[in-house]
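Some notes on the structure that comes next.
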Amino acid sequence: MKIENPNPIQWQFSQRAEQLQSSAIREILKITMRPEIISFAGGLPSPLTFPVERMREAYDAVLTRAGRVALQYGPSDGYAPLREWIADSLSTPDSKIVPEQVLMLSGSQQGLDLLGKVLVDEGSKVLVETPSYLGALQAFSVYRPQFVSVATDDDGLVPADLEAVGQGARLLYSLPNFQNPTGRSMTMERRVALVETCARLGIPLIEDDPYGALSYNGEPLPKLLNMNPGGVVYMGSFSKVLTPGIRLGYAVAPVPLARKLEQAKQATDLHTAQLTQMVVHEVVKDGFLSEHIPTIRQLYADQCQAMLDALQEFFPASATWTRPQGGMFIWVTLPAHINSMELLEAAVAENVAFVPGAPFYANTPASNTMRLSFVTVPPEQIRIGVQKLARLIAARS
């Protein structure tokens, strides 16, 4: 029975809900769904890398062998064999990671939200790189922190900058490998200095590492986690090495924090999908990633070089850009008078899209910056798209 002429409900949003904002990247992605757009915007892995047949075989195997278990509720901390595999894969001779430290997540983005819930109060000091991953800024901002920007350069985050700003910080969020959005990586010297400085100042260090396996030369630098397992939370994901559609990530934390994150997760989604975890374990348990990841590296290395070559050929000398050795992104700094948000509007009219750089800054944005992703665009299209952008930049110079 339907009520006749009900009084309209006046929905009153919470203060937290009122401050929520849409992701600039997700909004731009709506534009890039148009087939004529050459999109350098999305941080999306190439569909060419998705192991469709291997995933199909794994689903068949899991459902045939243990379908009733896979389709049931699972434990909040995750599927034990997969947690054991992750712990073993992250262990080194000097740093043993145990399954009790591993919490499975519905995408590593969930881990950022859980960290905000358990570590951040309103007004808490949260340290972030300059610029930083937009998704992390969104996740933490819900809890109303005081964002403090830490300096970065071509060698990554500058640990010396922590001395002046780090006191009392609840956490430092970092992406040491092929950072989103810049593509930069921290040098070994910086990694050691960062871990030592955070330990001395008592700052919990978050190591977000979705791109670490995508080193073009196949030799990623040591993980911060292994330098100080008691002071580092490691965030990992299967999105970039298998497929993002499965929405499966994980956090590795000191056991007391891992249990608190698990409690927060129980209130969020009870547990990550058991079926997905069992399928991923079926895929990775026998060494598939050691065969699969090199093909991803080679594809991305080729397309990165295609973009670097096009930038060198077409962009003005007044522009600069990073030269990543892995990952999915190039960061461009344009002449100071060019606003990349305005440039995007003109670019879309020319059927090219990118992400303006300003949203990646927690505090003082640089409006003359832009993030270019090359992994989903064929080399010939990369060249056409970069040439179009160069013409638009030249028209503003």
Side-chain angles (χ1 to χ4, degrees), residues 23 25 43-45 86 89-90 97 101-120 126-143 145 147-150 152 156-157 159 162 169-186 190-191 194-195 198 203-215 220-229 231-241 244 247-254 257-258 261 264-265 324 326-329 331 359-362 371 373:
S23 163
I25 298 175
L44 311 176
I86 291 169
S89 69
L90 292 174
I97 306 301
Q101 293 176 258
V102 181
L103 176 66
M104 301 308 301
L105 304 167
S106 301
S108 61
Q109 185 72 19
Q110 183 186 49
L112 299 174
D113 177 64
L114 297 180
L115 286 167
K117 283 182 178 178
V118 304
L119 294 179
V120 178
V126 170
L127 308 180
V128 294
E129 297 169 318
T130 309
S132 186
Y133 170 50
L134 177 57
L137 299 179
Q138 281 190 297
F140 295 143
S141 67
V142 173
Y143 304 101
F147 283 120
V148 176
S149 298
V150 180
T152 62
L157 186 146
L162 296 178
R170 291 291 181 89
L171 62 89
L172 166 60
Y173 174 74
S174 69
L175 294 99
N177 295 315
F178 319 121
Q179 191 231 29
N180 182 357
T182 65
R184 295 170 177 150
S185 291
M186 292 187 69
R190 289 274 179 93
R191 290 167 194 254
L194 176 61
V195 174
C198 285
I203 304 172
L205 177 56
I206 313 302
E207 178 183 14
D208 197 356
D209 191 29
Y211 312 105
L214 303 181
S215 170
L221 287 167
K223 292 177 172 53
L224 310 182
L225 171 71
N226 298 121
M227 298 180 186
N228 184 19
V232 176
V233 178
Y234 182 86
M235 308 289 296
S237 172
F238 291 100
S239 291
K240 307 304 187 295
V241 296
R247 304 309 304 133
L248 188 60
Y250 51 91
V252 181
L257 176 57
L261 292 170
K265 179 177 172 61
M328 301 166 53
F329 307 108
W331 183 251
F360 294 97
Y361 291 84
R371 190 194 76 178
S373 178

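On a predicted model such as this, the values are computed, not experimentally measured, just so you know.
Contact record, P131 with T182: CG-CG2, 3.7 Å, taken as the closest heavy-atom pair. Of all heavy-atom pairs spanning L221 and M186, the tightest one is CD1-O, 3.2 Å. Shown here for L114 and L105, the closest heavy-atom pair between the two residues is CD1-CD2, 3.8 Å. Here the closest non-hydrogen pair linking S108 and S237 is OG-CB, 4.0 Å. Minimum interatomic distance between L175 and P210 (heavy atoms only, all atoms of both residues): CD2-CD, 4.4 Å. Closest heavy-atom contact between L205 and S174: CD1-OG, 3.8 Å.
Under the 4.5 Å side-chain criterion, counting only non-hydrogen atoms from C-beta, K240 is not in contact with D209. When side chains are defined from C-beta on, K265 does not count as touching L261, because their heavy atoms never get closer than 4.5 Å. V102 has its side chain out of reach of L90: every pair of non-hydrogen atoms, C-beta onward, lies at least 4.5 Å apart. At a threshold of 4.5 Å between non-hydrogen side-chain atoms, the residues L44 and P244 do not count as touching. For the pair R371 and N180, the minimum side-chain heavy-atom distance is below 4.5 Å. Using a 4.5 Å heavy-atom cutoff, the side chains of P176 and L224 are in contact. Proximity of L119 to L257: side-chain heavy atoms (C-beta onward) are separated by under 4.5 Å at one or more points. A 4.5 Å side-chain heavy-atom check between I206 and M235 finds at least one atom pair inside the cut-off.
Ring pair F140/F147 is tilted by interplanar angle, where 30° to 60° counts as tilted. The aromatic rings of F360 and W331 sit perpendicular, their planes meeting at an angle over 60°, well past the 30° parallel limit.
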Review point. Please walk me through it: do N177 and R191 pass side-chain contact (heavy atoms from CB on, under 4.5 Å)?
Key: CA-CA 11 Å; N177 295 315; R191 290 167 194 254; 2.6 Å; yes
Exercise for review: Could you give me the CA-CA distance, side-chain angles and deciding distance for D113 and K117, then say whether side-chain contact (heavy atoms from CB on, under 4.5 Å) is met?
Suggested key: CA-CA 6 Å; D113 177 64; K117 283 182 178 178; 3.4 Å; yes
Review point. E129 and S149: side-chain contact (heavy atoms from CB on, under 4.5 Å), yes or no, with the steps?
Key: CA-CA 6 Å; E129 297 169 318; S149 298; over 6 Å; no
Point to revise | Residues Y133, L112; criterion side-chain contact (heavy atoms from CB on, under 4.5 Å); working and verdict | key: CA-CA 11 Å; Y133 170 50; L112 299 174; 4.0 Å; yes
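A side-chain donor-acceptor contact under 3.5 Å links Q110 to the backbone of S106. Here the side chain of S185 pairs a donor or acceptor atom with the backbone of F178 at under 3.5 angstrom. The main-chain N or O of K223 is never found under 3.5 Å from a side-chain atom of E207 such that the two would form a donor-acceptor pair. The main-chain N or O of V150 is found under 3.5 Å from a side-chain atom of T130 such that the two form a donor-acceptor pair.
For the atom pair M104 CE and F238 CZ, the distance stands at 5.5 Å (nearest 0.5 Å).
Applying the side chain to side chain contact (heavy atoms under 4.5 Å, CB included) test between L127 and each of L171, I203, L157 identifies I203 as the sole match.
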